[in-house]
Amino acid sequence: MREACLLVGKAHAAAASILKPGISTMQINDLVEEFIRDNGATPSFKNYHGFPYATCISMNEAVVHGFPGSHMLTEGDIFSLDIGVYKNGFHGDSAYTYAIGSVSDEVKQLLRVTKESLYLGISKARQGNRVGDIANAIQEHTEKKHGYGVVRELVGHGLGRSLHEDPQVPNYGKKGTGAKLKAGMVLAIEPMINMGVKDVVHLDDGWTVLTKDRKPSAHFEHDVCITTAEPDILSSFKEIEEAEKKNSNLSWSYTI
Ligand code: MG
Ligand code: MG
């Protein structure tokens, strides 16, 4: 599983190194798909319940499940790239939000707080804790502390031989509630955080989820194995963050 999860990070890094204003989101999708196949894996999302592409690319006010297409990246855009790979019988699934050119301090804060909340959630991914402990840590930081909207309709999930397994891992909830965490479980923890209201709407394409107020949304996702000791993060942002720092067309890089 770790191999599948690490390959997702490498596919992200390959994409991060080519991002610039003027390239289309379909070019990003095609590069990622080729990278995955060249590495002996298949894209988990393609044809998943009919999803037509290898990646989800969700621009600005799109929360998740956006379609890649002819849209050209423009200075000031942010977008979440979500990648899944299937290798050796297991899935890896990781999302990262990129900023093109210069973006406002307000947007940078949304990205920073969302990423921080992911790691706060991960810190609770311990044997004996419950799903609600992860959910509560994310909600406290994003909604209570910063006043952002935590999307209710979309949640993280278990991960393994299937892309989506039990338990569901919401980004809101009460401490001490929900499924008990056991060593060996792998969870995809993925805060989806809106700058404005928590409410979302669905586009007619049947997939794309947008913020109701059309303010931007951020999304970061790691795959985490519960152990008898520290949480083991199977996916990695290391190469993504390195590629992000090297690429002068990307304005934001924040490492935790
Ligand atoms: Mg994902
Ligand atoms: Mg996921």
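One-based numbering, in listed order, for ligands and for the atoms of each.
With respect to the salt-bridge test (charged N to carboxylate O, under 4.0 angstrom), the residues K10 and E239 qualify. A salt bridge links E33 with R37: at least one charged nitrogen is closer than 4.0 Å to a carboxylate oxygen.
Taking 2.8 Å as the threshold, E190 does not count as a candidate ligand of the Mg ion (ligand 1), since none of its N, O or S atoms lies below it.
Between the Mg ion (ligand 2) and the N, O or S atoms of E221, the shortest distance is to OE2.
Geometry note: the Mg ion (ligand 2) is the vertex, H157 NE2 and D93 OD2 are the arms, and the angle is 90° (rounded to 10 degrees).
The environment of E34 atom CD is sparse: at most 12 non-hydrogen atoms of other residues, nucleotides or ligands sit within 6.0 angstrom.
Note: F237 and H222 meet the aromatic proximity criterion, with ring centroids under 6.0 Å apart.
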